[in-house]
Structure formats: C-alpha cells, structure tokens
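One structure is given below, encoded as structure tokens.
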Amino acid sequence: MTNSNYHLTKEDFKQINKRSLFTFQLGWNYERMQGSSYLFIILPQLRKIYGDGTPELKEMMQTHTQFFNTSNFFHTIITGIDLALEENEGILAKDAVNGVKTGLMGPFAPIGDSVFASLVPAIMGSIAASLAMNGNPIGIFLWIAMTTLINIFRWKQLEIAYKEGTKLVTTMRDKLTSLVDAASVMGVFMVGALIATMINFKFTAAPKIGQKVINVQDLFDQIFPRLVPALFTGLIFWLLGRKGMTPTKAIFMIIIFALLMSYLKVLGV
C-alpha cells in the first residue's frame, strides 16, 4: 500500500522528462542496461508515493533496477503507465508493473529506434543537407525543427501515458488485466525471437566415422532450427538461478566458454 494519497503533478512530469532527456543513458551497463537509469528518472516520485526509507520504497527500487532496455524515444510511455499503476495500487501493483515493463520494452525498442533513430534522420537529414549544400539556410533550421519536434513528442507522451494508465486502474480494470496478460505473452514472444536472431553460433566440428563426415549442426537443424542457441540460453537461465551466480559472472563464463570453443574449433559463427 502507499503511504499517502499523493498524485503526480506537472512539476513531477517536468522533473521526469528532464531526467529522461538528459540522463537516461548515463547509467547504461551490459548487465542491466537501462535499469539503473529507469529508477533514477522516477526515484523522486517513488519517494513521494511510498515515503522515504520505507520497506515498500526499497522493494520497488530493487524492482526497477532489474534489466530494462527499450527505445529512448518510447520509454516514458512505459514510465507513465508504471507510475499510474503504482500511484493507485502501491506495492500491490508490482507484478503488473513488471508485466507491463517486460511486455512493452521489446516491441517499443525496434519501433522507436527504426523510426526516430534511423528513418526520420535519414530522410530529413538528406533533405536538410541537400538544401544546406545549395546555400539554402532553411536546411539548418529544418534539421533543428525536426529534432525539436521529436523531443516535444518525447516530452508529451509521459503525461498522456500516465492519464491512460490511471484509467486502466480505475474505470477499466478488466482491460488492465488483459493488458498485463498481453504484455506478458508479448514479452515471452520477444525473448524467443531475440534468442533466435541475436544468439548466433553453431557447431563447426565435423567428426568422421570411417569415410563419413558427420555434420553435427545439420543434425540439430533437422531436430529443431536454432535449437543450439535455445539450449544455451536455457543453460544460462538455469545457472542464474544457482546460489552465488550473478549476471556479471555469467557474462565472464560466456566469454571464456566462447574463446575455448573457438580455439578447439567446436563452435563458431
């Protein structure tokens, strides 16, 4: 439960947006990526919702430092829904918050990056550069205007998402349940897709039995395509559940394993 009936204000939205625009990537790391940054941009608001130094605050701080990674252009949509849930439900919203963050960060990542980090800069940048090369100063202002519009979009989406999130936990409870379920399914789907596309290695060893060369990778592909990355991911997931194992240790183990397998010519890309 929350320690007060605190509701976010315009000043809260300004503070979150400022931290989002200027500091969101400063805490990026290979273990939890944007996790610590996500907590940083909403920490003042969490303190107002739960009270400073309370067990509920500490638990939600631990929750928000877990792995998180999505597009810089869409992450405050997730933040707005998250804060609406926590403001209304407090610590009871923990599972729903985890479901929304896990389910939405995957789909938003490719959409935001492909549109705002690749497509728009490529089109508008080429137009602006062409105008500037021809001595037309509009090219400079066109590029500045487009960047400004993108940042305005980033600024406005937080409050919009917060208001929609508030509706979900007040007058649209059934839709909240559906959203959490859909987000959870989408999260599982995206993890599976990432495993199949991003974890890219295979058996390069080809042992001989008499005159016959055995293609180990072909055997695995006939059983199930991309089975080796899936099995490897399952092993790492199992290791992370062991006592004393941390993501950092797992990363170093993967590096050592990859170097060893490459040296022995058992696995490759």
Side-chain angles (χ1 to χ4, degrees), residues 16 18-43 46 58-79 82 94 97-118 121 154 183-184 186-204 226-264 266-269:
I16 294 169
K18 286 177 182 177
R19 292 191 174 200
S20 168
L21 287 173
F22 299 113
T23 70
F24 189 64
Q25 288 289 70
L26 296 183
W28 198 96
N29 62 80
Y30 281 105
E31 182 176 336
R32 302 188 182 187
M33 296 196 173
Q34 298 167 343
S36 59
S37 299
Y38 187 93
L39 171 62
F40 177 73
I41 67 172
I42 63 171
L43 184 54
L46 293 181
K58 293 177 181 178
E59 184 172 347
M60 292 310 296
M61 287 176 66
Q62 291 177 343
T63 298
H64 288 307
T65 54
Q66 300 305 310
F67 178 89
F68 184 82
N69 190 46
T70 194
S71 170
N72 288 336
F73 302 96
F74 279 150
H75 70 271
T76 48
I77 294 179
I78 300 174
T79 304
D82 166 13
K94 179 179 177 180
V97 167
N98 280 329
V100 168
K101 289 176 66 178
T102 303
L104 296 182
M105 68 178 179
F108 279 164
I111 295 173
D113 289 348
S114 60
V115 172
F116 293 107
S118 299
R154 293 179 62 183
S184 300
M186 181 63 75
V188 173
F189 174 80
M190 291 304 299
V191 169
L194 286 172
I195 292 171
T197 57
M198 300 299 293
I199 303 178
N200 187 29
F201 68 92
K202 59 185 179 181
F203 278 101
T204 55
R226 311 299 293 178
L227 179 60
V228 177
L231 291 174
F232 184 75
T233 304
L235 175 62
I236 298 301
F237 185 79
W238 177 82
L239 282 175
L240 290 173
R242 303 302 94 191
K243 186 177 180 180
M245 180 58 64
T246 66
T248 303
K249 291 180 181 178
I251 289 172
F252 280 112
M253 290 175 63
I254 292 171
I255 293 173
I256 295 171
F257 175 78
L259 292 173
L260 181 62
M261 291 297 100
S262 177
Y263 176 77
L264 297 175
V266 175
L267 298 174
V269 294

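Since the model is a prediction, treat every value here as computed from it, not as a measurement. Residue numbers run from 1 in the order of the sequence given.
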Can you name the closest pair of heavy atoms from Ser37 and Gly27 and give their distance?
-> OG-N, 3.2 Å
Could you go through the side chain to side chain contact (heavy atoms under 4.5 Å, CB included) check for Phe40 and Leu43 one step at a time?
-> CA-CA 5 Å; Phe40 177 73; Leu43 184 54; 5.7 Å; no
Where the side chain of Lys249 meets the backbone of Gly244, is there a donor-acceptor pair that is under 3.5 Å apart?
-> yes
Side-chain donor or acceptor of Ser262 paired with backbone N/O of Leu259 under 3.5 Å | no
d(Phe257 CZ, Leu235 CG) to nearest 0.5 Å is 8.0 Å
Step-by-step side chain to side chain contact (heavy atoms under 4.5 Å, CB included) determination, Thr79 to Ile42 = CA-CA 8 Å; Thr79 304; Ile42 63 171; 3.4 Å; yes
Verdict with reasoning, Arg19 to Phe24, per side chain to side chain contact (heavy atoms under 4.5 Å, CB included) | CA-CA 6 Å; Arg19 292 191 174 200; Phe24 189 64; over 6 Å; no
At what distance, to the nearest 0.5 angstrom, does NE2 of His64 lie from NZ of Lys94?
-> 10.0 Å
Is the side chain of Ser20 donor-acceptor paired with the backbone N or O of Ile16 at a distance under 3.5 Å, no angle test?
-> no
Between Gln34 and Thr70, is there a donor-acceptor pair closer than 3.5 Å when you use the side chain of the first and the backbone of the second?
-> yes
Taking the six-membered ring of Phe68 (Phe, Tyr or Trp), confirm whether the NZ or CZ of Arg32 is under 6.0 Å from its centre and within 45° of its axis.
-> no
Taking it one step at a time, do Phe73 and Val115 satisfy side chain to side chain contact (heavy atoms under 4.5 Å, CB included)?
-> CA-CA 9 Å; Phe73 302 96; Val115 172; over 6 Å; no
Minimal heavy-atom distance between Ala250 and Met245, with the atoms involved, is N-SD, 3.9 Å
Are the side chain of Arg154 and the backbone N or O of Leu21 linked by a donor-acceptor pair below 3.5 Å?
-> no
